[in-house]
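Nothing here was measured: the structure is a model prediction, and the numbers come from that model. Every heavy atom of this structure was used, including side-chain atoms; hydrogens, water molecules and symmetry mates were not.
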Amino acid sequence: MLTNASNDLDLNRLLDALLADHRITATDALHALERANDRHGEHPLEVIASLDLADALHADQTLTLDSLGRWLALRVAQPFLHIDPLRLDLPRLAGLMSAAFAQRHGILAVAVDDTSITVASAQPYQREWEAELALSLGKQVHRVLACPRQLRQLGPTLFGLARSVHGAGQQQSPRLGELEQLLELGASQAQASADDTHIVHIVDWMLQYAIEQRASDIHLEPRLELGHLRLRIDGLLHPVYAFPASVALAMVSRLKHLGRMNVAEKRRPQDGRLKSRLPNGAQVELRLSTLPTPFGEKLVLRLFDPQQLHQSLQCLGLDGSPLKQWQALLQRRQGILLVTGPTGSGKTSTLYASLRYLDTPQVNLCSIEDPIERLEPTINQLQVQPSLELDFANGVRALLRQDPDIIMVGEIRDRETAQVAVQAALTGHLVLSTLHTDDACAAIIRLHELGVADYLIKATLIGVMAQRLVRTLCSVCRGRLPAAEACQQCRGSGFHGRTGLFELLRVSPELRALITPTVDLASLRQQAQAEGLRNLRRAGQDLVAQGLSTSEEVLRVCG
């Protein structure tokens with residue numbers, strides 16, 4: 001037994017067991033006992049983990065709280081669970097026990113079905129709560145061992161969120177299912193809901209949680225009786241919480257207010273911005289977008305991490321020969337450079353990184369965007385405003401009167417914008433923009449379809465970069481751990497973060513010769529491959545060969 005008289009884990013006995021298993025040295029044990037005097041009241045595993053001891057059994061590894069938990073779980077024959085909040089059915093679990101009961105016993109419900117409940121605890125030998133919980137719920141209790149720090153942090157947060165959701169649901173005036181009433185809330189009523197203390201707490205929690213989970217987008221989606229919260233992490237959406245419909249609508253109103261949007265206007269899409277603060281004090285910028293639906297406004301927030309805003313081209317995954325070739329193209333004084341790919345493939349990040357590469361006091365950088373994705377202090381940015389007859393084409397014309405050296409056009413969407421971008425390139429400017437095409441060669445076909453004459457394409461287009469984003473393998477577990485064990489960094493997915501795949505097409509004289517009124521995509525691709533084009537799938541294979549991703553992930557992204 002590793003416990004004292006009250007069935008709590010005992011530090012001395014844990015240290016003896018670690019010594020017996022050759023995980024620490026006698027000197028390590030003495031240091032842990034000395035540290036315990038300064039960390040009174042902490043869980044014994046936290047005391048040991050605070051020393052960052054080397055794992056005597058595994059070279060180049062330290063005894064983290066997670067690894068100590070796994071060791072203890074084997075010792076006490078209980079499954080170990082690194083709790084992933086994204087995998088918890090939060091609304092259902094919060095009602096299974098009171099916050100006081102959970103706090104008193106240091107436990108947290110993590111799963112439930114018709115016949116059983118799974119409860120996480122950091123004290124494997126304490127059992128007095130099991131019978132009471134089983135009797136009150138009429139379910140069999142399964143135990144798992146969890147990190148004490150996670151239990152201490154998650155418990156109050158989840159129960160506090162549940163209290164706020166319940167309180168907000170009680171105070172919102174609309175009743176579920178009354179669609180006309182929900183859609184016709186007046187401005188004063190919506191503002192009152194948005195300012196409710198419970199709603200403020202829920203929105204603050206949502207923003208903070210999304211930032212902690214490295215989400216790139218927050219989706220708040222109204223439905224008939226529930227409003228669903230989902231987070232996009234590493235390119236995939238994850239369900240997080242299902243709020244009562246009235247609570248979700250009040251959350252949207254709160255966020256619209258924070259983003260300086262028209263709270264009363266619910267029939268038209270709107271855009272806004274706001275800033276939130278990270279735990280370390282840094283600010284993160286969010287872009288808001290609303291969309292009217294039959295059940296209320298859907299809200300999407302895009303998060304821009306300040307650390308990612310200033311990433312270089314290398315940090316995006318562009319390296320080696322493609323990096324040097326792209327940098328050489330950026331040094332051209334005039335012409336059009338295009339970045340292509342589907343929505344969410346990182347095109348805007350590449351454009352901004354390219355502009356930062358070009359940014360010197362000697363050049364005038366200008367952009368026209370819809371919307372302005374990221375505020376850059378050294379770029380003269382112009383927002384498209386259709387209501388003022390300021391579209392991409394008119395905006396480029398306005399920018400040309402501002403003595404620009406380099407112009408970024410957020411997207412070439414139509415014939416007029418394409419024609420204006422070509423004219424800008426012909427008159428001695430470097431133009432950077434994006435297109436939605438499958439690969440680099442298809443950009444030439446797209447320009448042709450938009451009505452740009454073949455001789456103008458030949459005269460202005462100097463390069464096209466197609467790109468995708470693929471998830472990279474977790475640097476800690478590399479996918480080796482079973483999903484049930486859930487690595488602390490990747491939450492059992494085996495992936496953590498994303499990097500770019502790039503396909504760079506330089507428009508050579510031979511390729512230009514193929515750009516005719518009857519231009520053929522197959523011929524363009526054949527010539528590009530003959531000139532050494534490394535396509536997206538080949539770039540993905542190189543990433544797999546380096547052990548940074550998997551073939552399945554590359555195929556998922558590249559098709």
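Residues Phe80 and Asp66 are in side-chain contact: their nearest non-hydrogen atoms beyond the backbone lie under 4.5 Å apart. In this structure the side chain of Val300 reaches within 4.5 angstrom of the side chain of Lys298, judged on heavy atoms. Taking 4.5 Å as the limit, every side-chain heavy atom of His201 sits out of range of all side-chain heavy atoms of Thr197. For the pair Leu151/Ile107, no side-chain contact is recorded, criterion being any heavy-atom separation below 4.5 Å from C-beta on. A heavy-atom distance below 4.5 Å is not found between the side chains of Val165 and Pro91. Proximity of Leu14 to Leu68: side-chain heavy atoms (C-beta onward) are nowhere separated by under 4.5 Å. The side-chain heavy atoms of Glu132 and Phe101, taken from C-beta on, include a pair separated by under 4.5 Å. You'll find the side chain of Val144 stays beyond 4.5 Å of the side chain of Val119, heavy atoms only.
Checked by atom type and distance alone, the side chain of His43 pairs as donor or acceptor with a backbone atom of Ala122 at under 3.5 Å. Remark: the backbone N or O of Gly346 is paired with a side-chain donor or acceptor of Gln467 at under 3.5 angstrom. For Lys139 (side chain) and Asp114 (main-chain N/O), a donor-acceptor pair under 3.5 Å exists by modelled atom type. Judged purely by atom type and a 3.5 angstrom limit, Thr118 has no side-chain atom pairing as donor or acceptor with the backbone of His142. Under the 3.5 Å distance criterion, the side-chain polar atoms of Ser67 are left unmatched by any main-chain donor or acceptor of Leu63. Lys347 places a side-chain N or O within 3.5 Å of a backbone atom of Gly341 that can act as its donor or acceptor partner. For the pair Gln270 (side chain) and Asn262 (backbone), a donor-acceptor distance under 3.5 Å is present. The backbone N or O of Pro124 sits less than 3.5 Å from a side-chain atom of Gln78, completing a donor-acceptor pair. Side-chain atoms of Gln123 come within 3.5 Å of backbone N or O of Leu9 as a donor-acceptor pair.
Atoms CG and OG1, from Leu220 and Thr290 in turn, are 11.5 Å apart once rounded to the nearest 0.5 Å. Expressed to the nearest 0.5 Å, how far CG of Leu224 lies from CG of Leu226 amounts to 8.5 Å. A distance of 9.5 Å separates CG in Asp28 from CG in Leu15, rounded to the nearest 0.5 Å. The distance from the OH atom of Tyr352 to the CD atom of Glu369 is 3.0 Å, given to the nearest 0.5 Å. Taking CD1 from Ile233 and CG from Leu86, the interatomic distance works out to 4.5 Å, rounded to the nearest 0.5 Å. Taken from CG in Asp16 to CG in Asp21, the straight-line distance is 11.0 Å, to the nearest 0.5 Å.
Phe502 pairs by the ring-ring contact (aromatic ring centres under 6.0 Å, His included) definition with nothing, not counting sequence neighbours. Applying the side-chain hydrogen bond (donor to acceptor under 3.5 Å, both in side chains) rule to Gln126 yields the partners Asp8; only residues at least two apart in sequence or on another chain are considered. In this view, Asp204 and Val200 satisfy the side-chain contact (heavy atoms from CB on, under 4.5 Å) rule, not counting sequence neighbours. Listed by chain and residue number, Trp205 satisfy the ring-ring contact (aromatic ring centres under 6.0 Å, His included) test with Tyr209 (two or more places apart in sequence, or in another chain). With sequence neighbours excluded, the residues that form a side-chain contact (heavy atoms from CB on, under 4.5 Å) with Pro342 are Ser345, Arg468. Applying the side-chain hydrogen bond (donor to acceptor under 3.5 Å, both in side chains) rule to Ser549 yields no partners; only residues at least two apart in sequence or on another chain are considered. Taking the side-chain hydrogen bond (donor to acceptor under 3.5 Å, both in side chains) definition, one finds that His436 meets it with Glu411, sequence neighbours left out. Applying the ring-ring contact (aromatic ring centres under 6.0 Å, His included) criterion to Trp71, with sequence neighbours excluded, gives no partner residue. Evaluation of the side-chain hydrogen bond (donor to acceptor under 3.5 Å, both in side chains) rule for Arg23 yields Asp55 as partners, not counting sequence neighbours. In this view, Leu555 and Arg537 satisfy the side-chain contact (heavy atoms from CB on, under 4.5 Å) rule, not counting sequence neighbours.
Side chain to side chain, Arg214 and His496 meet the donor-acceptor criterion of an N or O pair below 3.5 Å.
Taking each heavy atom of Leu316 and Ala353 in turn, the nearest pair found is CD1-CB, 3.7 Å. Nearest approach of Pro239 to Arg230, heavy atoms of both residues: CA-CG, 3.8 Å. Closest approach of Gly547 and Leu473 over heavy atoms only: O-CD1, 3.6 Å. Contact detail for Trp129 and Ser121: the closest heavy-atom pair is CZ2-CB, 4.5 Å. Between Leu231 and Ala215, the closest heavy-atom pair is CB-CB, 4.1 Å. In plain terms, the two heavy atoms of Val110 and Ile83 that are nearest each other are CG1-CD1, 4.2 Å.
Each of Leu81, Leu65, Thr64 was evaluated against Cys147; a single residue qualifies, Leu65, per the side chain to side chain contact (heavy atoms under 4.5 Å, CB included) test. Between Phe495 and the options Thr472, Leu236, Thr550, a side chain to side chain contact (heavy atoms under 4.5 Å, CB included) holds for only Thr550.
In the displayed structure, Arg260 atom CZ is contacted under 6.0 Å by at most 12 heavy atoms of other residues, nucleotides or ligands.
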**Message:** With side chain to side chain contact (heavy atoms under 4.5 Å, CB included) as the criterion, how do Thr499 and Leu548 come out once you've worked through the C-alpha distance, each side chain's angles and the decisive distance to 0.1 Å?
**Reply:** CA-CA 9 Å; Thr499 192; Leu548 298 177; over 6 Å; no

**Request:** Could you check Met206 against Leu255 for side chain to side chain contact (heavy atoms under 4.5 Å, CB included), going step by step and ending with a plain yes or no?
**Result:** CA-CA 11 Å; Met206 181 188 73; Leu255 287 161; 3.6 Å; yes

**Asked** Checking side chain to side chain contact (heavy atoms under 4.5 Å, CB included) for the pair Leu88/Leu158: CA distance, chi angles, key distance, verdict?
**Response** CA-CA 10 Å; Leu88 300 181; Leu158 299 186; 4.0 Å; yes

**Message:** Set out, in order, the CA-CA distance, both residues' side-chain angles and the distance that settles side chain to side chain contact (heavy atoms under 4.5 Å, CB included) for Leu33 and Leu11, then state yes or no.
**Reply:** CA-CA 8 Å; Leu33 290 173; Leu11 177 62; 4.1 Å; yes

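For residues 539-559, the pairs satisfying salt bridge (charged side-chain N to carboxylate O under 4.0 Å, His left out) are Arg471-Glu553, Arg534-Asp542, Arg538-Asp542, Glu553-Arg556, with sequence neighbours left out. Every pair tested for salt bridge (charged side-chain N to carboxylate O under 4.0 Å, His left out) that includes a residue from residues 91-112 fails, sequence neighbours excluded, so the list is empty.
Note on Glu265 versus Lys256: no salt bridge recorded, every NZ/NE/NH1/NH2 to OD/OE distance being 4.0 Å or above.
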